[in-house]
Amino acid sequence: FFDVLALEVVPRLETFNAQDISNMLWAYANVKASNPQLFLESGDIIVAHQNLENFYPQALSNIVWAYATVDKSHPKLFKKVAHHIIALNNLGDFKPQELSNIVWANATA
């Protein structure tokens, strides 16, 4: 089911907003479905964003958690997310679980 769904989703990824991408990657990782094309294209689309201001802490956390959970590497994505978080210069908006997931994902990926 998940591979068939990915065939339909990948060509439309550019129409997905930050929450859509985050939720989808989380769902795939949650059931250990690691469609390589979906994860590659999703990461590329996120990296292509001028900035990640529309990616809230939970979305960022879920995204990097998903990649680490299914053992998918996307160094440019992790670098972009890390630079965004550092540039915020304030982690007050992040819940402890979000921060824990981000740290774990970076240590695992």
Side-chain angles (χ1 to χ4, degrees):
F1 169 75
F2 285 93
D3 284 335
V4 172
L5 185 60
L7 291 173
E8 294 296 321
V9 168
V10 168
R12 298 172 39 193
L13 275 171
E14 292 199 18
T15 67
F16 282 45
N17 66 32
Q19 192 66 46
D20 296 335
I21 293 171
S22 170
N23 289 346
M24 183 185 51
L25 293 174
W26 177 88
Y28 270 75
N30 200 42
V31 297
K32 306 293 190 252
S34 60
N35 183 281
Q37 191 67 24
L38 176 68
F39 276 81
L40 175 65
E41 296 286 335
S42 295
D44 289 348
I45 285 173
I46 295 167
V47 169
H49 277 78
Q50 181 74 9
N51 61 58
L52 299 181
E53 65 186 19
N54 293 324
F55 288 81
Y56 296 111
Q58 183 179 5
L60 295 170
S61 173
N62 287 349
I63 289 166
V64 294
W65 175 87
Y67 277 81
T69 297
V70 298
D71 198 26
K72 291 291 176 207
S73 177
H74 199 301
K76 289 181 182 178
L77 169 66
F78 275 74
K79 184 176 181 179
K80 177 100 176 192
V81 170
H83 283 223
H84 173 73
I85 291 169
I86 291 167
L88 292 174
N89 203 23
N90 177 5
L91 298 180
D93 291 338
F94 287 80
K95 295 176 183 169
Q97 183 68 53
E98 295 161 349
L99 290 171
S100 297
N101 286 351
I102 291 167
V103 170
W104 174 82
N106 277 275
T108 303

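- Hydrophobic clustering places L38 together with F1 (ILVMFWY residues linked when any side-chain heavy atoms are closer than 4.5 Å, directly or through intermediates).
- Linking ILVMFWY side-chain heavy atoms closer than 4.5 Å, directly or via other members, places L40 and V47 in two distinct hydrophobic clusters.
- The cluster map of Ile, Leu, Val, Met, Phe, Trp and Tyr, joined by side-chain heavy atoms under 4.5 Å apart, puts V10 and M24 in the same cluster.
- In this structure, CD on Q58 lies 6.5 Å from NZ on K95, to the nearest 0.5 angstrom.
- The structure places CD of E98 at 11.0 Å from CG of L91, a figure rounded to the nearest 0.5 Å.
- The shortest distance between side-chain heavy atoms of Y28 and N35 falls below 4.5 Å.
- Proximity of L88 to D93: side-chain heavy atoms (C-beta onward) are nowhere separated by under 4.5 Å.
- By the criterion of side-chain heavy atoms lying less than 4.5 angstrom apart, applied directly or through intervening Ile, Leu, Val, Met, Phe, Trp or Tyr residues, V64 is not grouped with V103; the two fall into different hydrophobic clusters.
- Cluster annotation: V31 is connected to L5 through the hydrophobic network of ILVMFWY side chains, with a link wherever side-chain heavy atoms come within less than 4.5 Å.
- Summarising the geometry of P11 relative to A6, their closest heavy-atom pair is CD-O, 4.4 Å, with the distance given to 0.1 Å.
- The number of heavy-atom neighbours closer than 6.0 Å to CG of D71, taken from other residues, nucleotides and ligands shown, is 12 or below.
- When all heavy atoms of I21 and S42 are compared, the pair lying nearest together is CG2-CB, 4.4 Å.
- Between A18 and A59, the shortest heavy-atom distance links the atoms O-CB, 4.5 Å.
- Of the possible donor and acceptor atoms, none in the side chain of Y67 sits under 3.5 Å from a partner among the backbone N and O of L77.
- A distance of 7.0 Å separates NZ of K80 from CG of N51, quoted to the nearest 0.5 Å.
- The distance from the CG atom of L60 to the CD1 atom of I102 is 6.0 Å, given to the nearest 0.5 Å.
- A pairwise comparison of heavy atoms in W26 and A66 identifies N-CB, 4.1 Å as the closest pair.
- Here D44 pairs with H74 under the side-chain hydrogen bond (donor to acceptor under 3.5 Å, both in side chains) rule; sequence neighbours left out.
- Other residues, nucleotides and ligands place more than 12 heavy atoms under 6.0 Å from the CZ atom of F16.
- Within the 4.5 Å cutoff, side-chain heavy atoms of W104 are placed close to those of T69.
- Taking each heavy atom of F39 and S34 in turn, the nearest pair found is CE1-CA, 4.0 Å.
- F94 is listed as a side-chain neighbour of I85, based on a closest heavy-atom distance under 4.5 Å.
- In this structure, S100 has no side chain to side chain contact (heavy atoms under 4.5 Å, CB included) partners at least two apart in sequence or on a different chain.
- Counting only N and O atoms by type, the side chains of W65 and S61 include no donor and acceptor under 3.5 Å apart.
- Of the inter-residue distances, the one linking L52 atom CG with I46 atom CD1 reads 7.5 Å to the nearest 0.5 angstrom.
- Proximity of F55 to V81: side-chain heavy atoms (C-beta onward) are nowhere separated by under 4.5 Å.
- For the atom pair CG of N30 and CG of N23, the computed distance is 11.5 Å after rounding to the nearest 0.5 Å.
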